[in-house]
Amino acid sequence: MKKVFALVDCNNFYVSCERVFNPALEGRAVVVLSNNDGCVIARSEEAKALGIKMGAPAFKMEHEFRKYGVLVYSSNYALYGDMSDRVMQTLEQFTKRLEVYSIDEAFLSLNSSSHEEMTEYGRLIRYIIKKWTGIPVAVGIGPTKTLAKIAGKIGKKNPQLKGVFDIANHPRMDEILNAFPVGDVWGVGPQYEALLKRHGILTALQLKCAQDAWVKKHLTVMGLRTVMELRGVSCFSLEEMPMAKKGIMSSRSFGRPVESLDELKESIATYVAYAAEKLRQQHSAASILHVFLLTNRFKTEEPQYGNSATTILPVPSSYTPDLIRSAQELLEKIYKPGYRYKKTGVFLTEIVPQDRIQTNLLVPDYPHEKNRTLMKMVDHINARWGPDTVRFAAEGMEKEWHMRRNLLSPRFTTQWSEIPIVKIPNS
DNA sequence: TCTGGGGTCCTAGGACCC
DNA sequence: TCTGGGGTCCTAGGACCC
């Protein structure tokens, strides 16, 4: 049985999540801001129509937000993560052969059938997701992932297609690709788009017809794979099992400039705690720990400083207290007083499975069973009652440096007070 | 006052070895 | 004055994705 890829892509995902719990947002211009209320990262169709650009700094947009009555929200990742899980679980009703590609996108592997039947099936997926989760999606179907992505964009852009487009075995494939801008092809970013344009390649069809050797030379083998995919030769396969992360990064910009070492140490402890939790979720441990700090590069009139430091851990670890200690030691090495810092972060690399840690003869009986039990308890409590319910003292109590999230919607799906208390009758 | 936070893969070039 | 060639490993940097 011939297979095709279906890309299911949530429309304006973060805005749609806010709308599910607040229907008054329907029909209104709504935007969601990045961490620290920095820039626009999601826009409703109404907001796009007002010309609000993706990535626009929020402080420069305030006038327009007020003028047009745009509703503005801080990002609420606890909510979006939960809604994403619901969408993905619903998609599993259609096929188990599914790749969760990002928080708002999934590739499905489907049995190919006639154009009419595929389109009908796409409409069913769209209908069920909307019905069960409240999230509107677009569905693009194609013989390769790259073509499915293109089909998805076309389905979104043309209202008469009602969010579903099947490009597989389309009789007018080349005509469609000729109307599709090369910069919108998956894998072609701004740099490659400019390069291609300089060489007269403006559309997906022209890229499809480009010479292999030229493409490989200028766009590397990845670019050549994209070209093959445009020709209908599948080079990017369905990755059903998420690969364990090779590096875990955790960093945030501060809500205000930070100068004191003590506060920087709190921030580092906080980011280590996040990263270590992710590490434990994938049952792994990290061998190398990087720490960095930066001043605000946009403030050109202030003295600038940035540095990083790295250490190899005696034994790969996911035990938060040990990682905090190492990270804070690294921070002390690179900290210089007299600067106004904007951001710190940690990066864990050389990640290995927890059950295959080579124990170090110099550090016997490590990690201690007690440590693992403690981490399990912490993770369990935070999963049940919400992030940061229990945390490490080193993370600080007030966290005055913490990022701004002044426009946050309620935690509709994780707030403990929303869970009804059910009295269990005595039997 | 205010400009996000993660990730991936590939290539070139240097260090080092024989 | 001349100063090969091939291999590996590592790092930095550049491109992309959402």
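Letters A, B, ... are given to chains in the order of the sequence lines, protein chains preceding strands, and every chain is numbered from 1.
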Quiz item: What does D104(A) touch in the nucleic acid at a heavy-atom separation under 4.0 angstrom: a base, only the sugar-phosphate, or nothing?
Solution: sugar-phosphate

Quiz item: Taking for each residue the nucleotide of DNA chain B bearing the nearest heavy atom, is the 5' side occupied by K246(A) or by R256(A)?
Solution: R256(A)

Self-check item: Sugar-phosphate only, base, or nothing, as touched by E62(A) at under 4.0 Å among non-hydrogen atoms
Solution: nothing

Practice problem: Tell me yes or no: between the side chains of N307(A) and K336(A), is some donor less than 3.5 Å from an acceptor? | Solution: no

Quiz item: Hey, what do you get for CZ (R225(A)) to NZ (K216(A)), rounding to the nearest 0.5 Å?
Solution: 9.5 Å

Exercise. Would you indicate, yes or no, if dA15(C) has its OP1 or OP2 atom less than 4.0 angstrom from a side-chain nitrogen or oxygen of T220(A)?
Key: no

Quiz item: L7(A) CG to dC17(C) P: how many Å, rounded?
Solution: 14 Å

Quiz item: Judged by modelled atom types alone, do S409(A) and N76(A) share a side-chain donor-acceptor pair under 3.5 Å?
Solution: yes

Exercise. Compare side-chain N and O positions of K149(A) against OP1 and OP2 of dC18(C) and report whether any pair is under 4.0 Å apart.
Key: yes

Quiz item: What nucleotide, of dG5(B), dA15(C), dG7(B), holds the atom closest to the side chain of Q191(A)?
Solution: dA15(C)

Exercise. For the residue pair Y341(A) and Y339(A), categorise the inter-ring angle as parallel (less than 30°), tilted (30 to 60°) or perpendicular (more than 60°).
Key: tilted

Quiz item: For dC2(B), does OP1 or OP2 lie under 4.0 Å from any side-chain N or O of K299(A)?
Solution: yes

Self-check item: d(NZ, K217(A); P, dA12(B)) in whole Å
Solution: 11 Å

Exercise. Could you work out which one of dC18(C), dG7(B), dC9(B) sits closest to the side chain of M222(A)?
Key: dC9(B)

Self-check item: From dG7(B), dT3(B), dC10(B), nucleotide with atom closest to C39(A) side chain
Solution: dT3(B)

Quiz item: What is the nucleic acid contact for R405(A), judged by heavy atoms within less than 4.0 Å: base, sugar-phosphate only, or nothing?
Solution: nothing

Quiz prompt | Nucleotide of dC18(C), dC2(B), dC16(C) approaching P190(A) most closely (side-chain heavy atoms) | solution = dC16(C)

Exercise. Check whether any side-chain N or O of E302(A) sits under 3.5 Å from a backbone N or O of N296(A) as a donor-acceptor pair, and report yes or no.
Key: no

Self-check item: Rounded distance (Å) that lies between atom C1' of dG4(B) and atom OH of Y271(A)
Solution: 12 Å

Quiz item: Is there a side-chain contact between T344(A) and L293(A) (heavy atoms, below 4.5 Å)?
Solution: yes

Quiz item: Taking only N and O in the side chain of K342(A), is any of them less than 4.0 Å away from OP1 or OP2 of dT1(B)?
Solution: no

Practice problem: Could you work out the separation of dG4(C) and dC16(B) based on their C1' atoms and round it to a whole Å? | Solution: 16 Å

Exercise. Classify the ring geometry between Y101(A) and F107(A) as parallel (under 30°), tilted (30 to 60°) or perpendicular (over 60°).
Key: perpendicular

Exercise. Look at the side chain of S251(A) and decide which nucleotide, out of dG4(B), dG6(B), dG7(B), has an atom nearest to it.
Key: dG6(B)

Practice problem: Calculate the interatomic distance between E64(A) atom CD and dC2(B) atom P; express it in whole Å. | Solution: 21 Å

Quiz item: N35(A) has a side chain; which of dG4(B), dG6(B), dT3(B) sits nearest to it?
Solution: dG4(B)

Quiz item: Which nucleotide, in any strand shown, forms a Watson-Crick or G-U wobble pair with dC18(B), with both distances under 3.5 Å?
Solution: dG5(C)

Quiz item: Using a cut-off of 4.0 Å on non-hydrogen atoms, how would the nucleic acid contact of G223(A) be classed: base, sugar-phosphate, or nothing?
Solution: nothing

Quiz item: Whole-Å distance between dG4(B) P and Y14(A) OH?
Solution: 15 Å

Quiz item: Would you say R404(A) reaches dT1(B)'s phosphate, i.e. side-chain N/O to OP1/OP2 under 4.0 Å?
Solution: no

Practice problem: Would you mind telling me which of dC18(C), dG5(B), dG4(B) lies closest to the side-chain atoms of Y101(A)? | Solution: dC18(C)

Quiz item: How close or far is atom P of dC16(C) from atom CG of L224(A), stated in whole angstroms?
Solution: 16 Å

Quiz item: Which sits closer to the 5' end of DNA chain B, Y77(A) or K216(A), going by the nucleotide each is nearest to?
Solution: Y77(A)

Quiz item: Rounded to whole angstroms, how far apart are CZ on F65(A) and P on dT3(B)?
Solution: 14 Å

Quiz item: What nucleotide among dT3(B), dT11(B), dC17(C) has an atom nearest to a side-chain atom of W186(A)?
Solution: dC17(C)

Practice problem: Give K343(A) one of three labels, base, sugar-phosphate or nothing, depending on what nucleic acid heavy atoms sit under 4.0 Å from its own. | Solution: sugar-phosphate

Exercise. Ignoring the backbone of Y192(A), work out which of dG7(B), dG4(B), dA15(C) is nearest its side chain.
Key: dA15(C)

Quiz item: F347(A) has an atom CZ; how far is it from atom C1' of dT8(B), in whole Å?
Solution: 10 Å

Quiz item: With a 4.0 Å cut-off on heavy atoms, is S75(A) in touch with a base, just the backbone sugar-phosphate, or nothing at all?
Solution: nothing

